[in-house]
Amino acid sequence: MKNIYCLILFMFFCTGAFISCTEESKNEVIYDPSQPVRLISFYPDSGRISEKIILLGQNFGRDPELVSVYFNNKQAKVVGVDGDMMYVVCPRMPGDTCTVSVKIGNDSAVYTQKFRYRVSVSVSTVTGNGKNEYLNGDLSSAQIRARYLAVDLEGNVYAIQRSDGTDGLIRVNEMKNSVDLLGSNLSAPNALCIDMQTGVITFPGDSPQQLFFRYDPVEGIVRTKNLVLVTAPDGTGAPGTTTGSSGDGRYKHAMAACPWDGYVYTRFRGGDIVRIDPVTFESYTIYTTAFGDSYGLAFDPKNPSVLYIAMLGEVRDGYGNSICSIDVSDPTHSFKMLSAPATSGGFRDGKLENAQFRNPCQIYFDPDGFLYIADRDNHCIRRVTPDKVVETVVGIPGTSGYKDGSKDEALFKAPWGLGVSQDGTVYVADYDNARIRKLAIE
């Protein structure tokens, strides 16, 4: 108890005395590079974003600019250092269980003690009032029934609305308090992707098989385009000549921009995964999977040639209700199912290899490599951590409804789509509630 009391006193000292250190005391060299940095313990051993943490050890020195502290791979802010104590601020979402490491000069050390990060989730409604018919306006008065979403680097949320009198591309801007229709009558538009380098938005149409749409924010016009079907470099057939992309297989419901090679990829209902040149629109099949639909495609920012695919329950050959992946740099040898077989659908968190989903729809990576999944028929938002563990972020499995609030309170009804901003905010197309919702995850 006495030690805790001393640490609390030190915390107050840190917030005042350390920040007001004179240049003379800051530059006074107490860190001895000839001696090792020794780590003892830290307090508290768990917390949320911006938690104030005291690190105890030896040979820390007094200059915060010489010190780096990491919670897993996330760097913490160092507020003050005084020889055998250090005051740091926990970074945002470093991982559930954190290894805390300290680097001073050329010396580094790792605490044996672990820090437990407590995730906080709150859900709010951005726009929409439960009515399906689209209506322009500010966030409080607009009506929208978004099916798919994507977020650009400026924080604009782009939405696709299908049916209900509107087949169009919509832009939602929270800062400007506006909801605007950018293009309509687009013939069954589907899940969109954004090239983060150019800002260009690309999204497929149902049919014919060549149909897709392109929106350049600089130009400000949604244009209808057609894939140019060519033979693949290895001489294999082009889309439309395979059995997968004709008849009922010609539909395509998602696209993803690849940061590794600059191409855009789609998957036909017939199973063909197709590479598209974003300039010439020449396209060809790189691999053919089982017949059945996908509403979600996303590239892993940590492994930018790896494409993740959300398979609906209808996908054949045991791939229904699963998450799969393929490395587009080696498509012939890399396609695999990552989650557990669950062709009739299910719900299970845990290791990805054991996890189950029920009609997973749009998927989206955040900048830290977490894969978010709109698990439509479980009425939940799930995510896969970088170490391949599935967890339910928000929603009650199998229970639909509409309610904002905390992780334990919020309810969704058939969330089809989602997008993630650069700051980690998750936006959800809560389809059957006809609203766009927002998850603040810290």
Side-chain angles (χ1 to χ4, degrees), residues 1-21 26 30-31 36-104 107-123 349-350 366-370 383 385-387 389 391-394 405-410 423-426 439-442:
M1 195 70 179
K2 182 179 178 182
N3 289 337
I4 293 175
Y5 178 71
C6 291
L7 289 175
I8 293 173
L9 286 179
F10 178 71
M11 187 175 295
F12 281 107
F13 173 68
C14 287
T15 57
F18 278 4
I19 296 174
S20 61
C21 282
K26 177 182 175 182
I30 292 180
Y31 164 65
V37 172
R38 182 173 174 233
L39 305 182
I40 299 174
S41 63
F42 55 80
Y43 177 87
D45 61 2
S46 66
R48 297 166 46 188
I49 182 174
S50 300
E51 187 82 42
K52 280 68 174 179
I53 302 162
I54 303 299
L55 308 184
L56 301 179
Q58 294 178 354
N59 198 25
F60 286 165
R62 280 191 176 172
D63 189 349
E65 294 183 4
L66 293 179
V67 181
S68 298
V69 176
Y70 296 89
F71 287 64
N72 290 337
N73 295 320
K74 286 288 190 75
Q75 188 167 2
K77 180 181 180 181
V78 179
V79 178
V81 188
D82 189 21
D84 57 2
M85 288 186 178
M86 193 184 315
Y87 174 33
V88 304
V89 178
C90 180
R92 179 182 181 276
M93 292 180 63
D96 293 338
T97 302
C98 301
T99 298
V100 181
S101 58
V102 176
K103 182 178 180 182
I104 305 175
D107 200 359
S108 61
V110 177
Y111 281 98
T112 57
Q113 182 183 358
K114 299 293 185 180
F115 182 84
R116 309 294 177 181
Y117 185 82
R118 299 197 304 267
V119 176
S120 173
V121 181
S122 61
V123 179
D349 282 341
D366 75 2
D368 295 323
F370 288 84
R383 74 175 180 182
T385 67
D387 54 355
V389 174
E391 53 194 21
T392 298
V393 179
V394 69
S406 69
K407 173 183 175 67
D408 297 325
E409 299 171 328
D423 68 1
T425 301
V426 179
L439 281 58
I441 305 174
E442 297 179 336

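Numbers here simply count residues along the sequence, with the first being 1. Since the structure is predicted, the reported quantities are computational estimates derived from the model, not experimental observations. These values consider heavy atoms only, across backbone and side chains, with no hydrogens, waters or symmetry-generated copies.
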Contacts of [X] that satisfy side-chain hydrogen bond (donor to acceptor under 3.5 Å, both in side chains) - sequence neighbours left out:
X      : value
Ser122 : none
Thr99  : Lys114
Gln75  : none
Asp423 : Ser421, Thr425

Asp82 and Arg62 ion-paired at < 4.0 Å: yes
Considering all heavy atoms of both residues, which atom of [X] and which atom of [Y] are nearest to each other, and what is their separation?
X      : Y      : answer
Ala410 : Val394 : CB-CG2, 3.7 Å
Gly369 : Pro386 : O-CG, 3.8 Å
Pro94  : Pro91  : CD-O, 3.5 Å
Pro64  : Val81  : CA-CG2, 4.0 Å
Val102 : Leu55  : CG2-CD1, 4.1 Å
Val37  : Ala109 : O-CB, 3.9 Å

Evaluation steps, side-chain contact (heavy atoms from CB on, under 4.5 Å), between Val393 and Val426: CA-CA 10 Å; Val393 179; Val426 179; over 6 Å; no
What's the spacing between [X] [atom1] and [Y] [atom2] if we round to 0.5 Å?
X      : Y      : atom1 : atom2 : result
Lys407 : Ile441 : NZ    : CD1   : 9.0 Å
Met85  : Ile40  : CE    : CD1   : 9.5 Å
Ser46  : Ile53  : OG    : CD1   : 9.0 Å

Results of salt bridge (Lys or Arg N to Asp or Glu O under 4.0 Å) for Asp349 - residues two or more places apart only: Arg382
Residues that Glu391 engages under salt bridge (Lys or Arg N to Asp or Glu O under 4.0 Å), provided they are two or more places apart: Arg383
CA sep, side-chain torsions, deciding dist, call: Leu66, Phe60, side-chain contact (heavy atoms from CB on, under 4.5 Å): CA-CA 9 Å; Leu66 293 179; Phe60 286 165; over 6 Å; no
Residues that [X] engages under ring pair (Phe, Tyr, Trp, His ring centres under 6.0 Å), provided they are two or more places apart:
X      : answer
Phe370 : none
Tyr117 : none
Tyr70  : none

Side-chain ([X]) to main-chain ([Y]) donor-acceptor, under 3.5 angstrom:
X      : Y      : value
Asp366 : Gly424 : no
Asp45  : Arg116 : no
Arg48  : Cys90  : no
Tyr31  : Ile104 : yes

Test side-chain contact (heavy atoms from CB on, under 4.5 Å) applied to Asp387 - qualifying residues, sequence neighbours left out: Thr385, Val389
Residue list, side-chain contact (heavy atoms from CB on, under 4.5 Å) with Ser41, at least two apart or on another chain: Leu56, Gln113
Whether Tyr111 and Phe42 hold their rings parallel, tilted or perpendicular, with breakpoints at 30° and 60°: perpendicular
Residue pairs fulfilling salt bridge (Lys or Arg N to Asp or Glu O under 4.0 Å) with at least one residue in residues 66-80, sequence neighbours excluded: Lys74-Asp368
